[in-house]
Amino acid sequence: MNDTYDDFRLPGTECSHANKEGENSEYDSDSDSDPYYSAYSNIYDEQSDASIPDQTTELDNSMKTDQLDESKDLYEQSDITVADVNPDVAMRLREGNDQRKCVDKEVRLENYYKEYLRREQIKPYPLHHLEVRGLWIPLIEEMLTTDDYRRLIRLIRNIKAAADESLDTDPLANCRRSLHVYLDLNISVITMVENSIDPGHIVEESRSISMQIAVCFHLMGQNQNVCQICKKMDAHLAIQPGSSVFQKFFLIWIEALIKLQKLDIAKKKIEHYLELTTKKEDKEAVNPFLDQIDTIEEEIKRLEDEVVDSDNEYVKDSNYTGIKQQRLKAKEIKDKHKKKKRNRPKTKQKTVEYFTMSTPWIGVDGKRLKSANKLTQSNESSSSSNAVESIKKPKGHDISDIESDEEFDKMARDNWIGNYNISSDDEKDSENETIDYYEQNQHSKWRQKRDIFQYEEFYGTEKLKELCKIYPNKFKICTVKLEAAHKAVCKNIDNSDKISNIEISGRSKIGKVFDDDEVCVEILMDEKEEYERLSQCGSRPYVTVDTSKQNFKVYGQIRGVFKRIHFPNVKHPVFVCMLDESSYHLMLPVSKTIPKLHILKRKSTNDYQIDVYNYDTKTEELNPKELFTIKTGDVKNYTFLVVMICWEDIYPLGAVIKVLNSKRGLLSGIEILRLQHQVPTMYKQNTIEDVNELLESDESILCKKDRLDLTGLEIFTIDPSNAKDLDDALSIEDLDDIFRVGVHIADVTFYVEKDSHIDVEAYERATTFYPGQRLNPYHMLPSPLIKELCSLIPGKARPSISIFFTFDKKEGLRKDLPKIKRSYIMSSKQLSYREVQNTILKKETTIPDSLCKQIHDLFNLAKKQRISRLGRGLFYSPIEKLDEDDDFRDTKEAHYLVEEFMILTNNTIGKFLLNKFKDCIPLRVQQPPKPEHMKTWLGSHEYYADLILKLQEIRPSPLLWHDRKLTIDNNPTEKYHNLLMYQHWVWKKLLLAIEQKDYTAASQIIGCDELHPFSCLALDEWYEYQERAEYKCSGEVHTIQDCSHFTLGMIQYTSFTSPIRRYVDIIVHRLLHCALDNKGPCYTKDEVSVMCQYLNEVTNRSKNYQKHCRALRCGHKLIKQPQIFHGLVKTVSENEVSVVIPGYKSLPKSSKTIQLNSLNAVKKPVFKTDTSTGREILELTWKKRLYSFNGYTPIKKKETKQDGYRLNPHNRGFFQQQRKWKVILETFTSAKSPKDKMKRLIKIFNDERIGDSKENGDKLLEYVPACNETERDVSSEVREGPITLHSCEFTMTFNHQQILPLQLSAESVRGVLIPQIEIFDMTNNVKHCFQHVKDPVKYLEQYATSPSKPKYTSAVDYLRTWKPLVEMESASNSIKSSTATINDVPVKFISQYEGKFSLSKEFCDQRNIDINKTPLSVFLNEKEAVDEENGRELKTLLVLITFVLSV
């Protein structure tokens, strides 16, 4: 929550209190008592005995005397010190000494509370209160200045944060300790108020502390106290929507009322809560309470109905009263009762009542001590019968650690509850994490001595193995995932274990581990087991809960590391980091491998200075290099390379060795991504030595191997033009009635022996990382192997594995088993995709005729294979992309040629190996999507799901519908006469292609699903429902579905054709050699299983790297030249509009989201439901001053509507009947020639019976409800007469599939430029610039660097200081809704960034536009008008223009 207190209301002012009129009798019996003392007498330690009350008075008096004497000694020492100082400097020294003493006392007080929160046993609160006074009183009495009180507020926040953490760690066990701390903090707040401190500065502290006190009482079952606290909070602290505790406050109050059986009041609270809130999640939060109230009322009614009561006449006048008589009598008395007039005056309330205690720290006299003493005695009369049942959490999960197995066993027998969340309340995003005491202390300007945070030593590997073996139920081998700085989740690597995840809460229990480390975890608490144990032993016989529906957790502590995944042998790893904007002395690793890094700061004097160091490789020392200053507002543009020096404190210590600016260039961003995704670069020395030995070996050894000589066969490769890793080649032989097609794959295993240095490093790298766009890839194998020995270079004999397929010229691929041979080949030609594409299209080429014939034959065979595999999906055409590599869209036929034979080969090798070795083959599998997802998908896109070319012939869910296939023939046009919307520009382009008889252009438009809103969004949702493809050991699959690849529609599929760039292919090659030699497998099932898990992780990392590189390249193009894209509305919510940008599925979510707060709407969002689809529709309202330089208005009506206009949401759309599109697709996917297809398409487009293709757009709009009674544009201008209504009000809806013109540029996110939406082109007159709204100062002006001064030397000095500040304010004001927008303004550009325009006075007067243009000379005298430094006149003008120009 921010630091404003707009929701604060004084008791006498009007505010939306939850405590409405008529509810004052809620707690009449206890309304005058203070719950913090009177009720707290029921929650003492169970260890307290009867002897304590007798000793309380004596103990209080002794403590009181000791503390007063101690305070007196402190004051006397301070006086002596000051009196002995020279009078001239006495005051300065006194101030310095006082300040140092204050700091020391603050540290002592904070350390006391940290130690107090770790105590196993604590005193009753009154005794603790007397003890801690001695620490608070001296500290508060020395608070004299505003800075002192600000420091005190920070101290209160730090102590509260420690108490919060303790409470979150174990609510039941730590609630009493935390409650003591919260009570102390509230007393301090009272003291600050009574010392004339503005309560506005601390109202949020009071609100949050009071809320935590209520939580503590709630945990202890003190519901009456919870209600009293909430009642007072509502009366004096104004808990309103928007408050940080709003939902929590109401829910805990309602729950307490229900437990007290005050159901009527609880219902009133719920009603009022629903009136206050508008958020959907807030409203849903009270549904369980409503159900609970209904259940209780039904039970009460049932019990009442079961009571047998007498209603006979003979008892009516007697003194007998049954249940019904009692109710009637009570109702009669209540109706006759009249509330007496209050005679005594009401107590005058304070402006702000901090109701936790009646006394502050300062001025506590003897009477108050005496009352506290009496109170202590009364509080000691607690009994265990009044205590709420609580199950204590084991000590092992407190701050102290478990020292022995015996201690653990003792703790396991403790009584602790399991249905409370005791995890640390860390934020999901560590960038927003609250700074703990350590971080504040490190960043403080006060240098204080403190104890270094100590981690417990990890056990050694042998000890860990022994523990896991002896205590398998207590110690688990897991993989750790760091979710936040103080929270981790460990995943059990044993999938058969009933415990899958173990949560680690607190930095001390996580220890010095990296993300993804293989660790040993000791289980400290299993909530489910403890819950069941308590139920069985009878301590909770009244509870009958189905444990299967409970969200039980397991908590533990990491005891050691088995294996470090990231930087295993690197002593000082380097991390890519961002600045922690809450604490600039900390860095946040982008990869989250470690929580945070504390950086060295020696010369920096402020937060915006970073010490950069050089690393001397000879001396192995860090030497200061420079002091780097970050410009205000540019923090997000920078990333830092931080080397980890050591880890001896809570966070590792690191030093910045390089600063990277995302806007410097593409290579800088690629380097950042390389480091983020841990892309390996340098090879190990042993690997290099082995490669050199291979290079020196004699290649003639090929002929001595048992290999088939295929050097006489014409073989060629097809790859990108710049490819160096040529690992596959093709050949075709025309043998009478058949074709013999050879697929030849480089045999990398000939050079890379199993377990060699090259092999080990290849496994670690796992795959080749491609940054794309002709940038050098990071190869899995060293370059000499790729470019020379293994690559199928033309004219060089190379070892390979050849697979020969036989195709019948009429019937296609024969079903007999292909022949697999070890061979050595010599490629005759290296072809590019472009050359092969030109050959297929029979364009001019330099390729020999014999080779051209072979390419045509291969293409025809591949096309038959593709039709057999995909059906009509063959006609799908991919969309053109801004960052596309190697012109894929223009060479798709060449790509498909190679792709089909590679898919066929992989599937063939998979089947062959599974017949030889069933349990150790790495398969490439993809599970079908979940049936419920497919059911939802088909329901959402029912009437056009079969019209998506990409998905033709696919069975969406074999489990639900075995025979249901997506195909054009299944589309029911007779049932559905729906309209389909197309992009207006796409339809125009298609019409032009039809008119010009350009079949190629027409086929690319018709066949591209992403160009059409309905199919694009359906495809996007389809991709979201798909399961991720992965490698899996064949020994772990048990059904055909488990070993199938859903998207390819194949079973027993593996990876074989790219051994140069994928390690899994090397594994398959080795297994194939074993099969050909009739030997056993060279890998076991367990080995393959482990390797598949690791290869999946690296493969996903490689794909993410490639995806982010693609986004980066796109961002760098857009930052130079922003472009307009048409986004399609996918979903709407209360905060954002999510869009799909065709062709850019891989962009991050932030690149495809419009935040509603950036649209500057004047009313809250309104949500409606589309009656035809059931989807949500968002409606926004604006009120703007929209003018035109030409006086043009698009509205034809003479007068402006007072109630506003509705804009047509589908201005960029064009509607056609669904059946027309089906006929077009049937023609396009038919087996006819392109010429015949074009003739048929021309007839379809000219057939008016299924709609006019050219001019029927407006005619069909009447059938679209969202377009009824709408305008295409709005303006404040009028066609006749003067402008009477300057603010034009209008609304527009955001519907599914709606087309939004969006201009994309790029911004820095985590140090990398990625595309971001900057302008929404709503209509010709209405534009929304998100950059200006997000940061108007940055994009319209610049941030001021000089602060204001107490005094100024001259008017020039004043203006120089304030001019940038006023310009900042002017920029901020320009984005307000009252700002005028003038369209169609002619601007004469002087340069690329400068221009001028003119507006007539009459034009401005008619539109109430006032431009204040005042020269500075008005404010200056003659001497000041000349700059003394350079002698030039100050010609700067102070111009305040608060309107936006739309050119």
Q. Do the side chains of M780 and I1060 get nearer than 4.5 Å, heavy atoms only?
A. no
Q) So does K512 have more than 12 non-hydrogen atoms from other groups sitting under 6.0 Å from NZ? A) yes
Q.
If you count heavy atoms of other groups shown closer than 6.0 angstrom to CG of N569, is the number above 12?
A. no
**Q.** Between D517 and H566: side-chain donor-acceptor atoms closer than 3.5 Å
**A.** no
**Q.** Donor-acceptor side-chain pairing of S823 and H744 below 3.5 angstrom
**A.** no
Q.
If I take atom CD from residue E689 and atom CD from residue E693, how far apart are they, to the nearest 0.5 angstrom?
A. 7.5 Å
Q: For the pair S1034 (side chain) and I921 (backbone), establish whether a donor and an acceptor sit closer than 3.5 Å, ignoring hydrogens and angles.
A: yes
Q.
Please give me the minimum heavy-atom distance between A1111 and L1147, naming the atom from each residue.
A. CB-CD2, 3.9 Å
Q.
For E1087, is the CD atom crowded, meaning more than 12 foreign heavy atoms sit under 6.0 Å from it?
A. yes
Q | Aromatic ring pairing F1056/H1069, orientation class (parallel under 30°, perpendicular over 60°, tilted between) | A | parallel
Q: Would you check if the side chain of Y751 reaches a backbone N or O of L785 as a donor-acceptor pair within less than 3.5 Å?
A: no
Q | For D727, the option from S1058, S791, C790 that meets side chain to side chain contact (heavy atoms under 4.5 Å, CB included) | A | S1058
**Q.** Reported SG-to-CE distance for the pair C1033 and M1091, which is rounded to 0.5 angstrom
**A.** 8.5 Å
Q.
Run the side-chain contact (heavy atoms from CB on, under 4.5 Å) test against H572 and tell me which residues pass, sequence neighbours left out.
A. V643
Q. Looking at F562 versus F458, is the centre-to-centre ring distance below 6.0 Å?
A. no
Q. With respect to K684, which candidate in E764, E761, H757 satisfies the side chain to side chain donor-acceptor pair (under 3.5 Å) definition?
A. E764
Q: Taking all heavy atoms of P922 and all of V1088, pick out the closest pair and write down the distance.
A: N-CG1, 4.0 Å
Q | Shortest non-hydrogen separation from C478 to C490 and the atoms involved | A | CB-CB, 3.6 Å
Q.
Using modelled atom types and a 3.5 Å cut-off, is there a donor and acceptor pairing between side-chain atoms of T717 and backbone atoms of S827?
A. no
**Q.** Closest heavy-atom pair and its distance - D516, I565
**A.** O-CG1, 2.9 Å
Q: Kindly compute the distance separating CG (N637) from CE (M578), expressed to the nearest 0.5 Å.
A: 8.5 Å
Q.
On a heavy-atom basis, which atom in P771 and which in L775 lie closest, and how many Å separate them?
A. CG-CB, 3.7 Å
Q: Could you tell me whether a side-chain N or O of R1062 sits under 3.5 Å from a main-chain N or O of S1055, the two making a donor and an acceptor?
A: no
(Q) On a heavy-atom basis, which atom in M587 and which in V656 lie closest, and how many Å separate them? (A) CE-CG2, 3.9 Å
Q. Taking the six-membered ring of Y683, is the NZ or CZ of R765 close enough (under 6.0 Å from the centre) and on axis enough (within 45°)?
A. yes
Q: Determine, stepwise, if the pair Y763 / Y1094 fulfils ring pair (Phe, Tyr, Trp, His ring centres under 6.0 Å).
A: CA-CA 9 Å; Y763 171 69; Y1094 174 71; 4.9 Å; yes
Q. Hey, is the main chain of R822 close enough, under 3.5 Å, to the side chain of S802 for a donor-acceptor pair?
A. no
Q) Nearest 0.5 Å, what's the CG-OG1 distance between N906 and T1057? A) 4.0 Å
Q: Tell me, please, which residues at least two apart from E626 pass salt bridge (charged side-chain N to carboxylate O under 4.0 Å, His left out).
A: none
Q) Can R924 be said to sit on top of Y1031's aromatic six-ring, NZ or CZ under 6.0 Å from centre and within 45° of the ring axis? A) yes
Q: With rounding to the nearest 0.5 Å, note down the distance linking CD1 in I715 to CD1 in I825.
A: 4.5 Å
Q: Report yes or no: do S591 and Q678 form a side-chain donor-acceptor pair below 3.5 Å?
A: no
Q. Are the side chain of D515 and the backbone N or O of L482 linked by a donor-acceptor pair below 3.5 Å?
A. yes
Q. Counting only heavy atoms not in K563, do more than 12 fall under 6.0 Å of its NZ?
A. no
Q) Quick one: do the T1084 and D1086 side chains pair a donor with an acceptor below 3.5 Å? A) no
Q: Validate the cation-pi geometry between K658 and Y613: distance from NZ or CZ to the six-membered ring centre under 6.0 Å, angle to the ring axis within 45°.
A: no
Q.
Looking at D747 and R707, is any side-chain nitrogen of the basic one under 4.0 Å from a carboxylate oxygen of the acidic one?
A. yes
Q. Is a donor on one side and an acceptor on the other found under 3.5 Å between the side chain of R674 and the backbone of G669?
A. no
Q: Quick one: sort the H895 and Y833 rings into parallel, tilted or perpendicular, breaks at 30° and 60°.
A: parallel
Q: Answer yes or no: are there more than 12 heavy-atom neighbours, outside N776 itself, under 6.0 Å from its atom CG?
A: no
Q) Could you give the distance from CG (D719) to CG (L792), rounded to the nearest 0.5 Å? A) 9.0 Å
Q) Do Y455 and R507 have a side chain donor and acceptor closer than 3.5 Å? A) yes
Q) Counting N and O atoms only, with roles assigned by atom type, does the side chain of N1096 sit under 3.5 Å from a partner on the main chain of E1030, one being a donor and the other an acceptor? A) no
Q) Distance only, no hydrogens: is a donor on one side chain within 3.5 Å (strictly under) of an acceptor on the other, for Y1063 and D759? A) yes
Q | Flag, side chain of E835 to backbone of S832, donor-acceptor distance under 3.5 Å | A | yes
Q) Side chain of R798, backbone of E788: donor and acceptor closer than 3.5 Å? A) yes
Q) Do Y770 and S1102 have side-chain atoms, one donor and one acceptor, less than 3.5 Å apart? A) no
